[in-house]
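A quick write-up on the structure given underneath.
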Amino acid sequence: MLNSWDKSNEFMSEEALKKKQLELLNKTLKRAKNSEYYKKVFYNISNFSSLKELENIQFITKDVLRDNFPYGLVAVDKSELVRLHSSSGTTGTPTVVYYTKKDLDDWAELISRCM
(Lines give C-alpha, C1' and ligand atoms only; values in the text may rest on other atoms or scores of the structure.)
Protein backbone atom coordinates (compact mmCIF):
# COMPACT_ATOMS: atom_id res chain seq x y z
CA MET A 1 0.00 0.00 0.00
CA LEU A 2 1.53 3.28 -1.05
CA ASN A 3 1.76 6.23 1.32
CA SER A 4 2.32 4.09 4.42
CA TRP A 5 5.66 5.79 4.97
CA ASP A 6 6.03 7.14 8.48
CA LYS A 7 7.81 10.49 8.09
CA SER A 8 8.76 10.47 11.78
CA ASN A 9 11.36 7.82 10.93
CA GLU A 10 13.34 10.50 9.08
CA PHE A 11 13.80 12.56 12.24
CA MET A 12 14.42 10.02 15.00
CA SER A 13 17.53 10.08 17.12
CA GLU A 14 20.45 7.85 16.23
CA GLU A 15 19.78 5.75 19.33
CA ALA A 16 16.11 5.29 18.41
CA LEU A 17 17.08 4.46 14.82
CA LYS A 18 19.53 1.76 15.93
CA LYS A 19 16.93 0.30 18.28
CA LYS A 20 14.37 0.18 15.46
CA GLN A 21 16.92 -1.32 13.05
CA LEU A 22 17.77 -4.08 15.54
CA GLU A 23 14.07 -4.80 16.09
CA LEU A 24 13.48 -5.05 12.33
CA LEU A 25 16.62 -7.17 11.86
CA ASN A 26 15.36 -9.70 14.39
CA LYS A 27 11.93 -9.70 12.76
CA THR A 28 13.63 -10.43 9.42
CA LEU A 29 15.73 -13.19 11.01
CA LYS A 30 12.62 -14.87 12.38
CA ARG A 31 10.94 -14.76 8.96
CA ALA A 32 14.06 -15.89 7.09
CA LYS A 33 14.34 -18.96 9.29
CA ASN A 34 11.12 -20.20 7.66
CA SER A 35 13.22 -21.05 4.58
CA GLU A 36 15.23 -24.26 4.32
CA TYR A 37 18.43 -22.34 3.48
CA TYR A 38 18.33 -19.83 6.36
CA LYS A 39 17.13 -22.46 8.83
CA LYS A 40 20.56 -24.06 8.29
CA VAL A 41 22.56 -20.81 8.13
CA PHE A 42 21.06 -19.34 11.31
CA TYR A 43 20.46 -22.58 13.22
CA ASN A 44 22.34 -21.32 16.29
CA ILE A 45 21.05 -17.72 16.29
CA SER A 46 17.72 -16.89 17.91
CA ASN A 47 18.21 -13.10 17.98
CA PHE A 48 20.85 -10.55 17.17
CA SER A 49 21.92 -8.56 20.21
CA SER A 50 23.58 -5.76 18.21
CA LEU A 51 23.77 -4.41 14.68
CA LYS A 52 27.52 -5.11 14.76
CA GLU A 53 26.69 -8.81 14.31
CA LEU A 54 25.64 -8.05 10.72
CA GLU A 55 29.34 -7.95 9.84
CA ASN A 56 29.44 -11.75 10.22
CA ILE A 57 26.64 -12.47 7.74
CA GLN A 58 27.67 -13.47 4.23
CA PHE A 59 25.99 -11.99 1.20
CA ILE A 60 23.84 -14.21 -0.99
CA THR A 61 25.65 -15.16 -4.18
CA LYS A 62 24.29 -16.32 -7.50
CA ASP A 63 25.51 -19.81 -6.63
CA VAL A 64 23.38 -19.80 -3.46
CA LEU A 65 20.36 -18.68 -5.50
CA ARG A 66 20.98 -21.39 -8.07
CA ASP A 67 21.79 -24.15 -5.57
CA ASN A 68 18.57 -23.51 -3.63
CA PHE A 69 16.23 -23.24 -6.62
CA PRO A 70 13.30 -23.61 -6.76
CA TYR A 71 12.04 -23.06 -3.19
CA GLY A 72 15.00 -23.36 -0.79
CA LEU A 73 15.11 -19.61 -0.08
CA VAL A 74 11.34 -19.07 0.04
CA ALA A 75 10.30 -18.07 3.57
CA VAL A 76 6.54 -17.84 3.03
CA ASP A 77 3.87 -20.28 1.98
CA LYS A 78 4.09 -20.84 -1.79
CA SER A 79 0.49 -19.64 -2.15
CA GLU A 80 1.74 -16.12 -1.26
CA LEU A 81 4.14 -15.98 -4.23
CA VAL A 82 2.78 -13.73 -6.98
CA ARG A 83 5.78 -13.06 -9.21
CA LEU A 84 9.21 -14.29 -10.06
CA HIS A 85 12.07 -12.46 -11.69
CA SER A 86 14.75 -14.33 -13.55
CA SER A 87 18.03 -13.35 -15.14
CA SER A 88 18.59 -14.34 -18.75
CA GLY A 89 21.40 -16.64 -17.76
CA THR A 90 23.71 -15.33 -20.48
CA THR A 91 26.80 -16.06 -18.36
CA GLY A 92 25.51 -19.29 -16.82
CA THR A 93 22.40 -20.76 -15.25
CA PRO A 94 19.62 -18.19 -14.77
CA THR A 95 18.98 -16.92 -11.23
CA VAL A 96 15.40 -16.73 -9.99
CA VAL A 97 13.90 -14.66 -7.15
CA TYR A 98 10.27 -14.88 -5.96
CA TYR A 99 8.10 -12.02 -4.68
CA THR A 100 4.93 -11.70 -2.62
CA LYS A 101 2.30 -8.99 -3.08
CA LYS A 102 3.75 -7.17 -0.06
CA ASP A 103 7.25 -7.32 -1.58
CA LEU A 104 5.94 -5.65 -4.74
CA ASP A 105 4.03 -3.01 -2.75
CA ASP A 106 7.13 -2.25 -0.67
CA TRP A 107 9.23 -2.05 -3.82
CA ALA A 108 6.74 0.36 -5.45
CA GLU A 109 6.78 2.58 -2.37
CA LEU A 110 10.57 2.59 -2.25
CA ILE A 111 10.82 3.57 -5.91
CA SER A 112 8.17 6.28 -5.52
CA ARG A 113 10.10 7.76 -2.58
CA CYS A 114 13.28 7.76 -4.68
CA MET A 115 11.56 9.60 -7.49
Side-chain angles (χ1 to χ4, degrees):
M1 177 179 185
L2 292 176
N3 299 323
S4 62
W5 169 46
D6 181 356
K7 293 179 181 75
S8 67
N9 290 335
E10 299 295 322
F11 303 104
M12 66 176 51
S13 69
E14 183 177 353
E15 180 180 324
L17 176 61
K18 287 181 178 180
K19 182 178 178 185
K20 182 169 189 147
Q21 288 172 329
L22 184 60
E23 175 187 313
L24 293 172
L25 175 62
N26 282 313
K27 184 177 175 182
T28 299
L29 171 67
K30 183 177 178 183
R31 182 175 181 183
K33 288 174 82 170
N34 289 325
S35 78
E36 292 304 315
Y37 175 78
Y38 283 113
K39 197 179 298 179
K40 294 173 192 168
V41 171
F42 295 127
Y43 72 93
N44 62 345
I45 300 174
S46 57
N47 272 312
F48 291 103
S49 56
S50 77
L51 295 173
K52 186 90 172 139
E53 293 177 65
L54 276 174
E55 295 174 6
N56 301 321
I57 297 175
Q58 294 182 329
F59 287 101
I60 291 290
T61 64
K62 284 188 175 189
D63 286 337
V64 170
L65 291 172
R66 291 175 182 138
D67 292 347
N68 289 279
F69 179 80
Y71 300 110
L73 289 163
V74 173
V76 297
D77 189 273
K78 289 181 222 166
S79 65
E80 292 183 50
L81 303 176
V82 297
R83 182 176 293 171
L84 71 86
H85 291 179
S86 174
S87 69
S88 63
T90 54
T91 60
T93 307
T95 54
V96 178
V97 179
Y98 295 95
Y99 295 92
T100 64
K101 169 90 169 77
K102 183 177 181 325
D103 293 330
L104 297 177
D105 290 346
D106 290 346
W107 190 15
E109 182 165 332
L110 176 70
I111 296 302
S112 69
R113 286 185 62 204
C114 290
M115 297 299 157

Out of curiosity, [X] [atom1] to [Y] [atom2], how far, rounded to the nearest 0.5 Å?
| X | Y | atom1 | atom2 | result |
| --- | --- | --- | --- | --- |
| L29 | K27 | CG | NZ | 13.0 Å |
| R31 | T28 | CZ | OG1 | 8.5 Å |
| L25 | K20 | CG | NZ | 14.0 Å |
| K19 | M12 | NZ | CE | 10.5 Å |

*Ignoring hydrogens and geometry, is there a side-chain-to-backbone donor-acceptor pair from E53 to S50 under 3.5 Å?*
yes
*Does D106 use its side chain to pair, donor to acceptor, with the backbone of D103 at less than 3.5 Å?*
no
*Name the one of E15, E14, Q21 that satisfies side-chain hydrogen bond (donor to acceptor under 3.5 Å, both in side chains) with K18?*
E14
Same cluster or not: [X] versus [Y], using hydrophobic residues (I, L, V, M, F, W, Y) connected whenever any side-chain heavy atoms lie under 4.5 Å apart?
| X | Y | value |
| --- | --- | --- |
| F59 | V97 | no |
| Y37 | Y98 | no |
| L84 | L81 | yes |
| L17 | L54 | no |
| I111 | Y99 | yes |

Donor-acceptor pairs under 3.5 Å, side chain of residues 63-76 to any protein atom, not counting sequence neighbours: which ones?
residue, atom, partner, partner atom, Å
R66, NE, T93, O, 2.5
R66, NH2, T93, O, 2.8
N68, ND2, V64, O, 2.8

*asked:* Y38: which residues meet the ring-ring contact (aromatic ring centres under 6.0 Å, His included) condition with it, sequence neighbours left out?
replied: F42
*Decide salt bridge (charged side-chain N to carboxylate O under 4.0 Å, His left out) for E36 and K39; before the verdict, give the C-alpha distance in whole Å, the side-chain angles of both, and the deciding distance to 0.1 Å.*
CA-CA 5 Å; E36 292 304 315; K39 197 179 298 179; 3.3 Å; yes
*asked:* Quick one, E55 with K52, criterion salt bridge (charged side-chain N to carboxylate O under 4.0 Å, His left out). Give me CA distance, side-chain angles, the key distance, then yes/no.
replied: CA-CA 6 Å; E55 295 174 6; K52 186 90 172 139; 2.9 Å; yes
*Heavy-atom closest pair, residues F48 and L22*: O-CD1, 3.5 Å
_Test item: D105 and K101 side chains (from C-beta on) under 4.5 Å apart, heavy atoms_ = yes
_Run the side chain to side chain contact (heavy atoms under 4.5 Å, CB included) test against S87 and tell me which residues pass, sequence neighbours left out._
P94, T95
